[in-house]
A.B. asks: 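Here's a structure for you.
Whatever order the structure lists ligands and atoms in, that order sets their numbers, starting from 1. Below, each value reflects all heavy atoms present in this structure, side chains not excepted, and no hydrogens, waters or symmetry copies.
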Amino acid sequence: MQRIRTTCPYCGVGCGVRAEVADGRITGVEGDAAHPANFGRLCVKGTALHETLGNHGRLTRPRVDGVEVDWARALDAVAERLAATRDAHGPDAIGAYLSGQLLTEDYYVANKLFKGFLGTPHLDTNSRLCMASAVAAHKRAFGADAVPCCYEDLEEAELVVLVGSNLAWNHPVLYQRLKTAKQRNPLLRVVVIDPRVTDSCEIADLYLGLAPGSDGRLFNGLLAWMADTGRLDRVYLERHTTGLEAALAAAREDDVSVEAIAADCDVDPERLQTFFYWFATQLHVVTLFSQGINQSSSGTDKAGAIINCHLAGGKLGLPGAGPFSITGQPNAMGGREVGGLANQLAAHMDYDTPGALDRMRRFWSTERLVPSLPAGPGHKAVELFEAVERGEVQALWIMATNPVVSLPDANRVRAALAKCPLVIVSECVADTDLLPYADIVLPASSWSEKDGTVTNSERRLSRQRGILPPPGEARHDWWIITQVARRLGYGEAFAFEHPGEIFAEHARLSGFENRPGTPGERLFDISGLAGLDREEYDALEPVQWPVTAEAPRGTARLFEDGRYATPDGRARLVPVRPRGPAQALSAARPLRLNTGRVRDQWHTMTRTARAPQLMNHRPEPFIEITPEDAAALGVGDQQLARLSGAGGDYLGRVRLSKAQRRGEVFVPMHWNDRFSGAARMGGLLAAHLDPLSGQPELKQGAVSLAPLACGWEATLVVADELAGDPGWCEMAAYWARIPLAGAERWQLAGGGVEKAPRDWLAWVQKVLPVAPALWCDDSVGGRLRAAGLEDGKLRWWLMVGPPAELPGLAWLEARFAEAARGEPLDATRRRRLLAGCDDGAAEAGPMVCSCHQVGQRGILDAIRGGDRSVEALGARLACGTQCGSCVPELKALIEEETAVCAS
Ligand SMILES: Nc1nc2c(c(=O)[nH]1)N[C@H]1C(S)=C(S)[C@@H](COP(=O)(O)OP(=O)(O)OC[C@H]3O[C@@H](n4cnc5c(=O)[nH]c(N)nc54)[C@H](O)[C@@H]3O)O[C@H]1N2
Ligand SMILES: Nc1nc2c(c(=O)[nH]1)N[C@H]1C(S)=C(S)[C@@H](COP(=O)(O)OP(=O)(O)OC[C@H]3O[C@@H](n4cnc5c(=O)[nH]c(N)nc54)[C@H](O)[C@@H]3O)O[C@H]1N2
Ligand code: SF4
Ligand SMILES: [Mo]
C-alpha cells in the first residue's frame, strides 16, 4: 500500500489529504497531518472521498453530435467549429464559461487560448456566482484582489464575526479550528449574523438574525457608531487610508441611532449595541464573510461596508484581524489569479491596468505568433448567457460547471443553450442536466486523476496529485485545451507537455515586469516558484502567495506595513448607500426565498450523491419554513409543497424549522433534474445583478408556497440493475431519486385520484421486469406493500402510503446489498419484507452522524437513557467523534429532548 499526499477537491478550505492506494485503487483517505490548512482533520465529504470514485457513471468517450468518436475527431471538430464561428462572426461570437473547480493549470491555458489567441473577451467563470462581489470590493478598497488574512487569524482573534457564512456546514474544518480555538481561549467571542439560525450558531456568543439583505445598513451603522463613540483609529486612518469622510457621510444619510438601525435590520437593539461595542473595542477582529454577503444585488457594497469598519478601526494587517472573504470552490482563488473573470486579463492584471494589454501581448508572443488580445472586458456570467440568447455568442465552451442548474433564471439559460449553434461541454460524469445541450461532449479526468495546483481561501497553493489513470478515454482539461489550441495553429504558444510547464509559465507571468514603484507592480507574485523543475513541482509543499525572492517561503498576511496596492499606497474607504433586495415581495409572491447548502452535499450532487451515506442526512429536496407560516399556508411537516417564483416552480418536502424567520423559506441549491422532477432552485430566482460585480442575487428571491395536493404517495426501492429507465416518473407529480448502496430509492407522489392496490400491482408489472412475488394490501386505507423477487433475491420493494409511516429504510438497504452479493433471502426476512421493518435490526431513523452512520433514533434513545452531553453520546454511539460536523445537531437533539422530558 502507498500513501500519496494530495488536496481535497471540495471546498475552499483546501485540506491536505493522504490517499491510500492499493491494487490501483484508492482504498481510503485520511487528513494530512502536515498540511497547514487542516493539520490532519477532514470533514464528512472529505472522509467519503474514496467512496465517490470508481468508473461507473463516468464519461469515458468524446461525442460529436451525439456520436461517439475518437479524440482526434473530437478535437478536430472543436477546432474547426470554433474557427468557423470566428471567421463568420468574429471573435466576439465565441465564449467560454469556466469553473473554480478547474485546476490553475487548466484555467491558465483556457484563459490564454480564449483571451490571448482566439481574441474573445467573453470568458467568465462560475466564480461570478460566488466570489465576484468580494473581488470587486477588494479591488476598490485595497487596489488588488487580495485576501489579507490567513486561517491562523481565526485562532488569534478576540472576536470572530461570521456574516452570511454557515461555516459549520460549508467550511467544516475551518469551523473545527475556530471551535477548538474558542475552547482554548474562552475570551475569544463569536458573533453570527445570518437570517437563519444555522449550525454555526453552536459556538456563537451572540446571534443577529437580521432581515435578509440588510447587512450594508448594519455595517454602515457600525461605522457611524465607531465614529460617534470615539472608536476610530485616527492614526491608522490618517497614515494608511483615504475616504473616511465620504464613507461616514454616506452612512449618516440614514438615521444612525442604534434603535433605527436595529429597526431597519429587524434585530434586537440591545444585541446590536453589544455587537457594536464588541467590534469597536477589540482590535483583533476577523469578519469572515461568504455568500450571504456576496450573492446580493448590492454584494460589493455590503463587502465594502465591512471592509470600511476594519479600516476605520485599524483592524487589518495584523495577527487575528481583518475582513476575510472565504472562498467556496477548491480553486476559486486560483481562477482569480489566472484571470478567469471576464473583466480580468491574467495574473491580476485587468484591461484597465495601465500597460497591461501591451505587457500581456509581449509575454505571450512567440517567435512567430502574436496574440490578438481583446481591447476590453467581456460579458459576465449572466450576461454571457443573455448574449447567447440574443444570438451574439454562437459558440460556447463550458467546463466543470452546470449552469442550467446553478445560474438564476435557469430555464432561460436552458432555452438559450438549446438554440446556441455550438455548445461544447467538458465534464467528468455521464449524466448531468447540462449534457443534453452539448453538441460536443469531452470526457475530462477527475479528482485523483488530475494533476496540478489549487489555491485555497488563505492564498495557499497546494498540489492536487494525479494518482490513478483516468477511466476510458477521459483526458485532463489542460491537455484537451492545448490540443485544440494546437489545431487552431497556436502550437508554439501551447507546447506544454506537463502541467508543471504551465505552472512555470504562470509563475513567470506573475513576476513579469512586476517591480515595486513601476506601473507593472502587482501583489500577486509567485515568481519565486517559476524555476521549479518537474521534481520540485511534484514535491511542492503548500505555500501562500506572494512567493518571491524576498519571501521564498510565502506570505501569511498582507498589508502588514499598511501599504496598499492603490496608486497612492492608501486603502480606500468607500461610501455605501445600502439597498435592499432587488427581487420585490408582492401579494403574489409574499415569501422571501433563501437558498444555500447542506452539510453532506456538494453543488449539483454529481459527486457526493455517489456516496450513499452522504444521501442520508437530507435525502429529498426540501423547503424549510417556520411552523407558524406553514400552519397559515396549510402545509404540515413532511408534506409536499410547491414554491412558485419568477422563473418557475420547485417541489419539495416541507421541513418545519424554527431556524427560519417568519415570512422566509430556505431551499437547498443542490437538487436538479437528475435527482428530482422539479427541484432546481435556479428556476425560482430572477436574475438581478450587482451593478459592480455582476454577481446575481441568489439569496433573496420572492416566492409563494402552496401545498401539493397528493392523491397518493409511494416509496419504491429498486436494485441498481433495474434502475435504468425511470418509467415511473411519468405518472408522478413529484419524484425524488435517492441512491442507496446497491439500490435506488424513489419517492413518488401524484395528484389526482388514488389508485386501488390492484392498479398498483398492474402498474408495477408494466414498469418493472420482475413480477410481484409478495404483497399485502389494505384497500380501505389505500395502502399496499409489495416486493419482487428473482431466484429468491430481492429485486424491488414498493410501499404505497405516506412515507412518514416508514420506520426507515436501512434494513431494506441491507437486504438489497445482500441481493447484490447474490445472497437469497431467508424465510424470516422474506416474511418481514412486508412488515415495513426488520424487527431484528434497530432502526436508525434520519441520519445525524454521517461518518459513523448514527441515526436520530438511537441518539434519542441514548439521551432518554441519560446521555445528556455530546461527549456521553460519543462515548456510547461514536457519533460526533470523527469530523464533528454533527455536533450542533447532537446538541440540538439533547436540548429538545431534555425540554420534552422536563415539560
Ligand atoms: N457542504 C457543502 N459545503 C460547501 C459547498 C457545498 O456545496 N456543500 N460549496 C462551497 C462553495 S462553492 C461555496 S461558495 C461555499 C458557500 O458557503 P456559505 O456562504 O457558508 O454557504 P450558503 O449556504 O450558500 O450561504 C451562507 C449563509 O448566508 C445566509 N444568508 C442569506 N441571506 C443573507 C443575508 O442577507 N445576510 C446575511 N448576513 N446572511 C444571509 C444563509 O442563510 C446561509 O446560512 O460553500 C462551500 N462549501
Ligand atoms: N440559488 C443559488 N444558486 C447558486 C448558489 C446558491 O447559493 N444559491 N451558489 C452559487 C455558487 S457559490 C456556485 S460555486 C455554483 C456552483 O454550481 P456549479 O458549478 O454549476 O455546480 P457543480 O455541481 O459544482 O458543477 C461542476 C460540474 O463540473 C464537473 N466537474 C468536476 N470536476 C471537473 C473537472 O476537473 N473537469 C471538468 N471538465 N468537469 C468537472 C462536475 O461533475 C459537475 O458537473 O452555484 C451557484 N448557484
Ligand atoms: S473542509 Fe472542505 S477541503 Fe476540508 S475536507 Fe471538508 S470539503 Fe474538503
Ligand atoms: Mo461557490
A.B. asks: For Asn594, counting its heavy atoms only, list the atoms of ligand 1 lying under 4.0 Å from any of them.
C.D. replies: 31 (C), 41 (C), 42 (O)
A.B. asks: For ligand 3, which part of Cys8 has a heavy atom less than 4.0 Å away: the side chain, the backbone, both, or neither?
C.D. replies: side chain
A.B. asks: Would Cys11 count as a contact for atom 2 (Fe) of ligand 3, in the sense that one of its N, O or S atoms lies under 2.8 Å from it?
C.D. replies: yes
A.B. asks: Is Cys15 close enough to atom 6 (Fe) of ligand 3 to have an N, O or S atom under 2.8 Å?
C.D. replies: no
A.B. asks: For ligand 1, indicate whether the residue Lys302 contacts it via side chain, backbone, both or neither (heavy-atom separation under 4.0 Å).
C.D. replies: side chain
A.B. asks: Report, in ascending order of atom number, the atoms of ligand 1 lying under 4.0 Å from any heavy atom of Ser165.
C.D. replies: 20 (O)
A.B. asks: Within ligand 1, which atoms have a heavy atom of Cys130 less than 4.0 Å away?
C.D. replies: 14 (S)
A.B. asks: Find all atoms of ligand 1 within a distance of less than 4.0 Å from any non-hydrogen atom belonging to Pro212, and give their numbers and elements.
C.D. replies: 35 (O)
A.B. asks: Within less than 4.0 angstrom of ligand 3, does Leu42 place any heavy atom?
C.D. replies: yes
A.B. asks: Between Trp671 and Phe622, what is the ring plane arrangement, given parallel below 30°, perpendicular above 60°, and tilted in between?
C.D. replies: perpendicular
A.B. asks: Using a 4.0 Å cut-off to any heavy atom of Gly46, which atoms of ligand 3 qualify?
C.D. replies: 5 (S)
A.B. asks: Using a 4.0 Å cut-off to any heavy atom of Lys45, which atoms of ligand 1 qualify?
C.D. replies: 1 (N), 2 (C), 3 (N)
A.B. asks: How about His171 and Tyr10: are their ring centres within less than 6.0 Å of each other?
C.D. replies: no
A.B. asks: Please classify the Val598 to ligand 1 contact at 4.0 Å (heavy-atom distances, strictly less than): side chain, backbone, both or neither.
C.D. replies: backbone
A.B. asks: Atom 6 (Fe) of ligand 3: which protein heavy atom is closest, and how many Å away?
C.D. replies: Cys43 SG, 2.3 Å
A.B. asks: Examine Arg189 relative to Trp278 and say whether NZ or CZ is less than 6.0 Å from the centre of the six-membered ring and inside a 45° cone about the ring axis.
C.D. replies: yes
A.B. asks: Looking at Thr198, which atoms of ligand 1 are within less than 4.0 Å of one of its heavy atoms?
C.D. replies: 44 (O)
A.B. asks: Strictly distance-based, threshold 3.5 Å: is any side-chain N or O of Asp153 a donor or acceptor partner for the main-chain N or O of Cys150?
C.D. replies: yes
A.B. asks: If the cut-off is 4.0 Å to any non-hydrogen atom of Gly213, which atoms of ligand 1 fall inside it?
C.D. replies: 34 (C), 35 (O)
A.B. asks: Could you see which bit of His670 sits under 4.0 Å from ligand 1, with heavy atoms only: side chain, backbone, both or neither?
C.D. replies: side chain
A.B. asks: Are Arg599 and Asp199 close enough for a salt bridge, meaning some N to O gap below 4.0 Å?
C.D. replies: no
A.B. asks: Regarding Arg196 and Glu664, does a basic nitrogen lie under 4.0 Å from an acidic carboxylate oxygen?
C.D. replies: no
